[in-house]
K.L.:
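Quick one: the structure is below, and I'll ask about it shortly.
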Amino acid sequence: MTRTRIAKVLQDSQPGEQIDVRGWVRTRRDSKQAFSFIELNDGSCMKNLQIVVDADVPGYEETIKQVTTGASVAITGEVKESPGKGQRIELAAKTLKLLGVADGQTYPLQKKGHSFEFLRDIAHLRPRTNTFSAIGRVRNVVCDSIHRFFQSRGFLYVQTPIITTSDCEGAGAMFQVTTLDPEKPPRDDKGNVDYAEDFFGKKASLTVSGQLEAEIFACSLGECYTFGPTFRAENSNTTRHLAEFWMVEPEMPFYELTDNMELAEAFVKTIINDVLERCPDDMQFFNERIDKTVLDTLNNIVSHEFKRVAYTEAVDILLSSGQTFDYPIEWGKDMQSEHERYLTEQHFRQPIIVYDYPRTIKPFYMRCNDDGKTVRAMDVLVPRVGEIIGGSQREERLDVLLKRMEECHLDPAEYWWYVELRKFGTVPHSGFGLGLERVIQLVTGMTNIRDCIPFHRTPKSADF
RNA sequence: UCCUCGAUAGCUCAACGGUAGAGCGAGCGGCUGUUAACCGCUAGGUUCUAGGUUCGAAUCCUAGUCGAGGAGCCA
């Protein structure tokens, strides 16, 4: 007999079938001197399989006491129609084997709910809870959906480096990677640390984005995407930031900004639709226990066209809104969280794409518009989470790019290979970045991004 | 990094400067085709750390550590 996953049992098994299931005990309810109920979960789905263990099952007396919450067991038996409420079928055990005990005195998980803060401290056990097993499954479906979305459109999956020596990508503080002795690093004649002696012969860091490298592949192999971990050493302490997070970055040749926006919108909708279709039980759970509006929010997103709003228009809306903001908005200033939230949650009440931002608040690689003031940037803003996608059409004109680098005080020599892409067969191209954990936040309704990644890294926190 | 709040039993919390408690969980017993079961009993504490004020500190003060929410930065 081979093991059957509980998801399959609950879906397909018919009375009379002999099956073998294994997993972790959620609860046990005893009927003294008669039998016990075991709620078994193996992570394959939200629901548990109810198992009835009769007192005449071999070893019942010795074993059943140790079948506590958290213990692991292997059980064979016959599927029966369940006379009780709450489940179609149950398993009448014929054999019961205890695989691993979980001492009730010390096993930290109870049947009842725990705070997410507490569960973060026991990240090795929290996947056994309803919430975190559901997040795990949803995260998996989101990742699969991402690959399918791009693969089905002929995009090439390209791996960009995690360790990089391009110094200033402009996307925030970087974690340094070094093998030098921190106590006494080698020094040059001026007394500075001599990175020529370091592992890579120069200063190296963890990547903050694979975009620049992705552009290389986009400008030779066509549509492509990167999907991997990225690192930001910012001292950010919010519910929306991680020091290590996963980012999807598609990059497309011959795409202009509107093509980019269309792709971004289709991308977000596809992910949400896939999760709704493939994780109905998990989503039901999130809607009941985590955020009672999450299904409405997601249905609202997939059923509306994302409203496109030029930055200038967005500023006008904010100015004439009659709202008082902590940070007054004016043209040329970057929008604050409160502004973005007002636009998506109050004014439009749906996802929006803000585009054509002022040049001065955006990075050097974004394509300049003819007005001389704005660049072809776009941010997808969704209710509650805020910016979920940031992207742009890239500057493909060599002279303009060099001028912009000068404006941003960047040394073209540092980016010589990026600049050369504009020298040899340059093409218009576009791309964007999407933070995986922010999508998980949006889709599950979880409020803290630290609960949307299995093992979070934030300032002062890198356990497990 | 800034602002605000917090840290007490395994968990969630209470205790207004005067003997540290409850609910849940756990252990034991009872009851029951049960469903986050129910009933009874029992055990469980260096009140985050260091200093200070006081006859006396979980409680007040100072510093630190960690956590949460908000802000900035961003995905």
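All values reported here derive from a predicted model rather than from experimental measurement. Within every chain, numbering begins at 1; the chains are lettered A, B, ... in the order of the sequence lines, protein sequences first and strands thereafter.
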K.L.:
Which residue in the set A:T63, A:L40, A:V21, A:L99 passes side chain to side chain contact (heavy atoms under 4.5 Å, CB included) when paired with A:V73?
P.N.:
A:L40

K.L.:
Between A:R457 (side chain) and A:L242 (backbone), is there a donor-acceptor pair under 3.5 Å?
P.N.:
no

K.L.:
Nearest to the side chain of A:Q110, heavy atoms from C-beta on, is which of B:G10, B:U1, B:G72?
P.N.:
B:G10

K.L.:
Encode nucleotides 33-43 of chain B as B, S and - characters from 5' to 3', where the letter depends on protein heavy atoms closer than 4.0 Å: B to the base, S only to sugar-phosphate, - to neither.
P.N.:
BBBBS------

K.L.:
Give me the distance, rounded to whole Å, that separates B:C38 from B:U32 when you measure between the C1' atoms they each carry.
P.N.:
8 Å

K.L.:
When you measure from the side-chain N and O atoms of A:Q336 to the phosphate of B:A71, is any distance below 4.0 Å, counting only OP1 and OP2?
P.N.:
no

K.L.:
Can you tell me the distance, in whole Å, between the CD1 atom of A:I122 and the C1' atom of B:U12?
P.N.:
14 Å

K.L.:
Measuring only the C1' atom in each nucleotide, how far is B:G29 from B:A14? A whole number of Å is fine.
P.N.:
30 Å

K.L.:
Could you state the interatomic distance from CD (A:E387) to CE (A:M335), rounded to the nearest 0.5 Å?
P.N.:
9.0 Å

K.L.:
So, A:E338 and A:R341, do they make that salt bridge, N to O below 4.0 Å?
P.N.:
no

K.L.:
Round to the nearest Å and state the distance from A:I449 atom CD1 to B:A75 atom C1'.
P.N.:
8 Å

K.L.:
Measure the acute angle between the ring planes of A:H114 and A:F118, then classify it against the limits of 30° and 60° as parallel, tilted or perpendicular.
P.N.:
tilted

K.L.:
Measure the distance from CD on A:Q211 to P on B:A75 and round it to the nearest whole Å.
P.N.:
9 Å

K.L.:
If the plane angle is over 60° it's perpendicular, under 30° parallel, otherwise tilted; pick one for A:F464 and A:H124.
P.N.:
parallel

K.L.:
Using the P atom in both, what is the distance from B:G52 to B:A57, to the nearest Å?
P.N.:
12 Å

K.L.:
On a whole-Å scale, what distance lies between the C1' atoms belonging to B:U4 and B:A20?
P.N.:
28 Å

K.L.:
Parallel, tilted or perpendicular for A:F227 and A:W246, by the 30°/60° rule?
P.N.:
perpendicular

K.L.:
Write down the distance separating the P atoms in B:C5 and B:A63, rounded off to the nearest Å.
P.N.:
14 Å

K.L.:
If you check the A:Y327 side chain, which of B:A71, B:C11, B:G27 turns out closest?
P.N.:
B:A71

K.L.:
Restricting to non-hydrogen atoms, name the atom on A:G16 and the atom on A:E78 that form the minimum distance, rounded to 0.1 Å.
P.N.:
CA-OE2, 3.7 Å

K.L.:
Using the P atoms only, state how far B:U12 lies from B:G64, rounded to an integer number of Å.
P.N.:
26 Å

K.L.:
Could you work out the separation of B:G18 and B:U59 based on their C1' atoms and round it to a whole Å?
P.N.:
11 Å

K.L.:
Taking N and O atoms by type only, does the side chain of A:H114 place a donor or acceptor under 3.5 Å from a partner on the base of B:C11?
P.N.:
no

K.L.:
To the nearest Å, give me how far apart CG (A:L119) and C1' (B:C11) are.
P.N.:
10 Å

K.L.:
Starting the side chain at C-beta, find the nucleotide from B:C74, B:C73, B:G29 nearest to A:R438.
P.N.:
B:C74

K.L.:
Tell me the interatomic distance from A:F245, atom CZ, to B:C73, atom C1', rounded to whole angstroms.
P.N.:
12 Å

K.L.:
Once the angle between the rings of A:F267 and A:F150 is folded into 0 to 90°, is it parallel (under 30°), tilted (30 to 60°) or perpendicular (over 60°)?
P.N.:
tilted

K.L.:
Do the ring planes of A:W331 and A:Y311 sit parallel (below 30°), tilted (30 to 60°) or perpendicular (above 60°)?
P.N.:
perpendicular

K.L.:
A:L242 near the nucleic acid: base, sugar-phosphate alone, or nothing, with a heavy-atom cut-off under 4.0 Å?
P.N.:
base

K.L.:
Using whole Å, what does the distance between atom P of nucleotide B:C2 and atom CD of A:E234 come to?
P.N.:
15 Å

K.L.:
Below 3.5 Å between N/O atoms, which protein atoms pair up with nucleotides 64-68 of chain B? Just atom names and distances, please.
P.N.:
unit_1	atom_1	unit_2	atom_2	d
B:A68	OP1	A:R120	NH1	2.4
B:A68	OP1	A:R450	NH1	2.8
B:A68	OP2	A:R450	NH1	2.8

K.L.:
State, to 0.1 Å, how close A:R28 and A:S36 come at their nearest heavy-atom pair, and which atoms those are.
P.N.:
CG-CB, 4.3 Å

K.L.:
Please report the closest heavy-atom contact between A:Y342 and A:Q323, naming both atoms and the distance.
P.N.:
CE1-CG, 3.3 Å

K.L.:
What is the nucleic acid contact for A:R341, judged by heavy atoms within less than 4.0 Å: base, sugar-phosphate only, or nothing?
P.N.:
sugar-phosphate

K.L.:
Would you give the length of the straight line joining atom OG1 of A:T131 to atom CD1 of A:I290, rounded to the nearest 0.5 angstrom?
P.N.:
4.0 Å

K.L.:
Between the base of B:C73 and the side chain of A:S236, is there any donor-acceptor pair under 3.5 Å?
P.N.:
yes

K.L.:
Which residue, A:T239, A:V294, A:D451, forms the side chain to side chain contact (heavy atoms under 4.5 Å, CB included) with A:M446?
P.N.:
A:D451

K.L.:
Please map the stems of RNA chain B, keeping only stretches of three or more Watson-Crick or G-U wobble pairs with both distances under 3.5 angstrom.
P.N.:
B:1-7 with B:65-71, B:10-13 with B:21-24, B:26-30 with B:38-42, B:48-52 with B:60-64

K.L.:
Name the nucleic acid region contacted by A:I388, choosing base, sugar-phosphate or nothing; use a 4.0 angstrom heavy-atom cut-off, strictly under.
P.N.:
sugar-phosphate

K.L.:
Please report, rounded to the nearest Å, how far the C1' atom of B:A75 is from the CE atom of A:M247.
P.N.:
6 Å

K.L.:
Nearest-Å distance, CD (A:E437) to P (B:C74)?
P.N.:
19 Å

K.L.:
P atom, B:G44 versus B:A37: distance in rounded Å?
P.N.:
27 Å

K.L.:
If you assign each of A:F118 and A:G104 to its closest nucleotide in RNA chain B, which residue comes earlier from the 5' end?
P.N.:
A:F118

